[in-house]
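Report on one structure; see the data block that follows.
Note that this is a predicted model, so its numbers are computed, not measured.
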Amino acid sequence: MESLRDIRQEIKAIKSTKQMMLTMKMISSARIKKAQQQMEDGRPFAKKMAVMIDNLRKDIQNPSSEIHNLPAYRFFDNSSADKNSVGLLLITADKGLCGAFNAVALRAALKWVRDNGDKEKYVFVVGKKGRDFMRRLKIPKLHIAGELIGIFPRASYAHAAMIKDTFAELSQKYNISTVDLIYNDFKSMASQTLVSKRFLPFDFDEISGEEDVSDFIFEPSMMEIFLTLIPRYLSSSIYRYLLESQAAELAARMNAMEAASKNAGEIADNLSVKLNKVRQATITNEITEIVSGANALNN
């Protein structure tokens with residue numbers, strides 16, 4: 001049987017852990033309002049940029065357009081690229097203690113790696129958890145093309161531009177045919193959804209542009225607009241994904257810490273009951289020994 005001292009120390013440790021979890025919940029709760037506001041502010045800009053791209057699709061994909069000769073056209077049609085060279089943008093958290101937030105993304109990343117088999121795989125990882133996971137995978141033809149660690153909860157547009165520049169360089173250097181994306185999307189404070197989709201070339205099926213919009217008059221010129229629009233669209237899209245993942249991580253951690261602190265409280269209550277039982281048993285034994293000793297003396 002455990003001693004009273006051992007049980008008291010265990011209760012003290014559990015309560016200390018509970019306090020730490022409550023503190024982490026409060027920190028996440030304080031940060032998520034700002035993160036959610038940034039995410040909501042970034043959504044309209046990214047979506048409008050996507051609509052503009054979709055509205056210009058007919059002009060951009062016109063075979064007579066000079067845009068076909070630009071390296072950036074591969075973001076629209078990359079059929080001539082090497083089919084055995086693929087890329088992935090994986091966004092995870094830098095820390096744990098956020099429920100299944102990292103686990104679901106890492107499982108999806110592992111599935112992507114296995115699905116691409118013998119292809120040359122270039123992965124850009126955002127978040128320490130994803131970086132460490134990819135480093136542990138001893139799989140042939142798997143390359144960590146870049147990493148961003150410690151940017152949350154202060155992800156910025158500059159980080160998104162850095163990722164965009166890396167993939168633009170990789171797509172030209174290694175003739176990458178496709179780039180996929182894996183991250184957690186923020187739905188609500190209680191719900192985060194894993195997103196695994198094609199990022200490049202652009203998937204026009206998921207972009208809801210205006211219908212029958214064509215025959216634009218471009219000023220200053222279509223080429224200049226294209227060269228300005230594409231980098232900004234890519235950066236704004238990636239920035240939006242970073243903000244979505246950032247808000248989803250904080251919400252997941254807040255929920256996980258709330259559940260953990262509740263469980264810690266229940267464990268502490270059960271230990272208190274156990275403490276009382278042990279103390280009562282100890283007192284009973286002491287009384288029994290005293291009575292037995294007194295009866296022995298009387299006899």
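- A donor-acceptor distance shorter than 3.5 angstrom exists from the side chain of S171 to the backbone of A168, with no hydrogens or angles considered.
- Using a 4.0 Å cut-off between charged nitrogen and carboxylate oxygen, E147 and R135 count as a salt-bridge pair.
- For the side-chain contact (heavy atoms from CB on, under 4.5 Å) with K164, the qualifying choice from L89, L234, I230 is L234, the only one to do so.
- The hydrophobic cluster containing M24 does not contain I267, counting ILVMFWY residues as joined when their side-chain heavy atoms lie under 4.5 angstrom apart, directly or transitively.
- Once rounded to the nearest 0.5 Å, the distance linking OG1 of T17 with CG of L22 reads 11.0 Å.
- Taking a 6.0 Å sphere around CG of N285, one finds it holds more than 12 heavy atoms contributed by other residues, nucleotides or ligands.
- A donor-acceptor pair under 3.5 Å links the side-chain atoms of Q246 to the main chain of A155, judged by distance alone.
- The line from CZ of F186 to CD1 of I32 is 5.0 Å long, rounded to the nearest 0.5 Å.
- Within a 6.0 Å sphere centred on NZ of K83, other residues, nucleotides and ligands contribute more than 12 heavy atoms.
- Within the 4.5 Å cutoff, no side-chain heavy atoms of Y122 are placed close to those of T166.
- Of the possible polar contacts, none joining the S196 side chain to the I182 backbone as a donor-acceptor pair under 3.5 Å is found.
- A distance-only check finds a donor-acceptor pair linking the side chain of T92 to the backbone of V126 [under 3.5 Å].
- One finds a salt bridge joining E249 and R253 here, because a Lys/Arg side-chain nitrogen approaches an Asp/Glu carboxylate oxygen to under 4.0 Å.
- In this structure, A264 and I14 approach most closely via the heavy-atom pair O-CG2, 3.2 Å.
- Counted by atom type alone, D41 and Q37 present one or more donor-acceptor pairs between their side chains at under 3.5 Å.
- Here OH of Y183 is found 12.0 Å from CD1 of I238. Values are rounded to the nearest 0.5 Å.
- Considering every non-hydrogen atom in both L90 and A105, the closest pair reads CD1-O, 4.0 Å.
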Next on the checklist: One pair to check against salt bridge (charged side-chain N to carboxylate O under 4.0 Å, His left out): R240 and E244. What are the steps and the verdict?
Outcome noted: CA-CA 6 Å; R240 177 193 169 190; E244 294 276 355; 3.8 Å; yes

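- A distance of 9.5 Å separates CG in L200 from CD1 in I176, rounded to the nearest 0.5 Å.
- The cluster map of Ile, Leu, Val, Met, Phe, Trp and Tyr, joined by side-chain heavy atoms under 4.5 Å apart, puts V104 and Y241 in different clusters.
- Taking CD1 from I11 and CG from L275, the interatomic distance works out to 5.0 Å, rounded to the nearest 0.5 Å.
- With K121 contributing its side chain and G117 its backbone, the two residues share a donor-acceptor pair below 3.5 Å.
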Checklist entry - What do the steps show when you test N263 against E266 for side chain to side chain contact (heavy atoms under 4.5 Å, CB included), and what is the final call? => result CA-CA 5 Å; N263 292 336; E266 292 177 356; 4.1 Å; yes

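- K119 NZ: more than 12 foreign heavy atoms inside a 6.0 Å radius.
- For the residue pair R279 and L4, the shortest heavy atom distance occurs at N-CD2, 3.6 Å.
- Taken from NZ in K33 to CD in Q36, the straight-line distance is 10.0 Å, to the nearest 0.5 Å.
- With a 4.5 Å cut-off on side-chain heavy atoms, I287 and I283 count as touching.
- Between S188 and A251 the shortest heavy-atom distance is O-CB, 4.4 Å.
- Judged by distance alone, with hydrogens and angles left aside, the side-chain atoms of N255 form a donor-acceptor pair with the main-chain N or O of M189 at under 3.5 Å.
- Between the side chain of S236 and the backbone N or O of R232, at least one donor-acceptor pair lies under 3.5 Å.
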Next on the checklist: For a side chain to side chain contact (heavy atoms under 4.5 Å, CB included) check, start with the C-alpha distance between I149 and D94, then their side-chain angles and the critical distance, and finish with the verdict.
Outcome noted: CA-CA 7 Å; I149 307 300; D94 291 307; 3.7 Å; yes

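- The hydrophobic cluster containing V113 also contains F133, counting ILVMFWY residues as joined when their side-chain heavy atoms lie under 4.5 angstrom apart, directly or transitively.
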Next on the checklist: Assess the residue pair Y233 and F202 against the criterion (ring pair (Phe, Tyr, Trp, His ring centres under 6.0 Å)); give the C-alpha distance rounded to whole Å, side-chain angles, the decisive distance to 0.1 Å, and a yes or no.
Outcome noted: CA-CA 11 Å; Y233 170 67; F202 300 140; 5.0 Å; yes

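- Remark: the backbone N or O of M257 is paired with a side-chain donor or acceptor of S261 at under 3.5 angstrom.
- Under the 4.5 Å side-chain heavy-atom criterion for ILVMFWY residues, a single connected hydrophobic cluster contains both Y174 and V179.
- In this structure, Y239 and Y157 have perpendicular ring planes: the angle between them is above 60°, well past the 30° mark.
- L110 is not listed as a side-chain neighbour of R107, based on a closest heavy-atom distance of 4.5 Å or more.
- Listed here is the closest heavy atom pair of A93 and N102: N-OD1, 3.0 Å.
- Between the side chain of D180 and the backbone N or O of L88 there is no donor-acceptor pair closer than 3.5 Å.
- When hydrophobic clusters are built by joining Ile, Leu, Val, Met, Phe, Trp and Tyr residues whose side-chain heavy atoms come closer than 4.5 Å, directly or via intermediates, L243 is not grouped with L181.
- M134 pairs in a side-chain contact (heavy atoms from CB on, under 4.5 Å) with only one of the listed residues (I139, L142, L106), which is L142.
- The aromatic rings of F167 and F124 are tilted relative to each other, their planes meeting at an angle between 30° and 60°.
- Between S156 and L242, the shortest heavy-atom distance links the atoms O-CD1, 4.4 Å.
- When the shell of 6.0 Å around CD of E169 is examined, it contains 12 or fewer heavy atoms from other residues, nucleotides or ligands.
- Side-chain atoms of S16 do not come within 3.5 Å of backbone N or O of K12 as any donor-acceptor pair.
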